[in-house]
Amino acid sequence: LFLRKTLSKKRCVIFLLGILTTLSTTGVFFIAISFALKYITTFKDKMGRMKLFMVAFAAILLPVAASALKDIFLLKLGTSSYLIRLQDYIAGFKVWRESPLLGSGYGVISALQKYVRASAQGNVGFSNSITAILGTGGLWNFSVYLMSILAPLVRKGEDRANIVAFTLCYAFLSVIVIFFARFLMAVFIAYGLSFLLKKSEGARA
């Protein structure tokens with residue numbers, strides 16, 4: 001949606017079907033955020049009647065979408081999944097307090113699960129990346145992750161809107177789902193930190 005110059009409708013359909021068929025509340029929110037950001041980045045520079053039409057369309061659609069998402073969120077609050085997720089945030093924070101600087105050891109999920117109720121462990125596991133990074137990696141690792149978020153946000157250029165939108169999606173997923181000890185997270189962090197290198201090269205030039 002954001003990093004390719006040409007948008008593939010086929011990939012978008014696969015993207016939508018892949019998320020919707022998981023029947024995930026998180027997936028529904030991610031779809032809403034992704035396409036809202038795509039709408040903003042696509043039409044922010046449009047002028048004339050098309051821009052006026054899209055603004056009017058958004059004024060009608062947004063309240064409806066916001067109401068639907070609110071109902072989904074309220075429904076989620078009454079489920080065990082929400083309670084487990086909330087407990088995971090608390091567990092990650094408690095592990096971080098034990099060793100604020102270095103953490104308990106990057107990727108050591110067992111250190112996080114000792115603060116989770118036995119009924120919430122088993123095959124459920126931990127549910128978010130941000131407190132997992134903070135708890136197991138401490139401020140040292142978390143600062144690297146945070147820099148990978150902030151560096152693209154301050155970038156200037158024609159493609160800034162798409163890069164910011166992509167980074168916001170990445171940040172949202174980090175807060176909601178867990179993939180912090182996967183190769184995918186390393187790619188995202190490397191991508192974000194690469195903007196620091198580009199900035200320094202530009203300064204030398």
Side-chain angles (χ1 to χ4, degrees), residues 2-3 22 24-30 32-34 37 69 73-74 76-156 160 163-203:
F2 304 112
L3 299 185
T22 62
S24 167
T25 305
T26 301
V28 172
F29 275 99
F30 184 65
I33 290 173
S34 297
L37 290 171
L69 290 174
F73 179 72
L74 292 176
K76 184 75 172 181
L77 290 179
T79 65
S80 59
S81 174
Y82 169 79
L83 297 176
I84 291 173
R85 286 179 177 273
L86 179 61
Q87 190 178 53
D88 286 346
Y89 290 110
I90 296 172
F93 181 73
K94 287 181 177 179
V95 171
W96 172 69
R97 287 194 307 178
E98 293 180 357
S99 182
L101 184 59
L102 299 178
S104 62
Y106 188 75
V108 182
I109 296 294
S110 58
L112 298 164
Q113 289 182 329
K114 69 181 180 180
Y115 286 108
V116 180
R117 292 176 305 172
S119 59
Q121 293 181 22
N123 59 0
V124 176
F126 207 71
S127 62
N128 71 86
S129 294
I130 191 166
T131 59
I133 294 173
L134 187 63
T136 65
L139 292 176
W140 181 71
N141 275 285
F142 186 77
S143 64
V144 176
Y145 159 79
L146 185 61
M147 189 60 67
S148 73
I149 296 289
L150 297 179
L153 295 181
V154 298
R155 172 191 168 89
K156 295 180 180 180
R160 181 178 185 276
I163 292 172
V164 168
F166 174 81
T167 304
L168 291 177
C169 287
Y170 158 47
F172 172 78
L173 290 177
S174 297
V175 173
I176 301 298
V177 300
I178 184 164
F179 59 101
F180 81 108
R182 304 290 183 181
F183 179 71
L184 182 63
M185 176 64 83
V187 172
F188 283 159
I189 290 177
Y191 173 76
L193 294 179
S194 69
F195 288 93
L196 297 176
L197 180 62
K198 288 182 179 181
K199 184 177 180 180
S200 63
E201 287 178 348

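Residues: numbered from 1 along the sequence shown.
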Report, one line per pair, each donor and acceptor closer than 3.5 Å where one atom sits in a side chain of residues 172-193; sequence neighbours left out.
| residue | atom | partner | partner atom | Å |
| --- | --- | --- | --- | --- |
| Ser174 | OG | Tyr145 | OH | 3.3 |
| Ser174 | OG | Tyr170 | O | 3.0 |

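- When all heavy atoms of Leu37 and Cys169 are compared, the closest pair comes out as CD1-SG, 3.8 Å.
- Going from atom CD1 of Ile163 over to atom CG of Leu3 covers 7.5 Å, rounded to the nearest 0.5 Å.
- Inter-residue side-chain proximity for Phe195 and Val154 is flagged as unmet; no heavy-atom pair is nearer than 4.5 Å.
- Using a 4.5 Å heavy-atom cutoff, the side chains of Leu134 and Leu139 are in contact.
- Of the possible polar contacts, none joining the Arg155 side chain to the Arg160 backbone as a donor-acceptor pair under 3.5 Å is found.
- In terms of heavy atoms, Phe2 sits closest to Ser34 at CZ-O, 3.4 Å.
- In plain terms, the two heavy atoms of Pro152 and Val164 that are nearest each other are O-CG2, 4.2 Å.
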Donor-acceptor list for residues 94-102 side chains, cut-off 3.5 Å, not counting sequence neighbours:
| residue | atom | partner | partner atom | Å |
| --- | --- | --- | --- | --- |
| Trp96 | NE1 | Pro100 | O | 3.1 |
| Glu98 | OE1 | Lys114 | NZ | 3.3 |
| Glu98 | OE2 | Lys114 | NZ | 3.4 |
| Glu98 | OE2 | Tyr115 | OH | 2.1 |
| Ser99 | OG | Gly103 | N | 3.4 |
| Ser99 | OG | Gly103 | O | 3.3 |

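- Summarising the geometry, atom CD1 belonging to Ile90 is positioned 10.0 Å from atom OG1 belonging to Thr131; distances are rounded to the nearest 0.5 Å.
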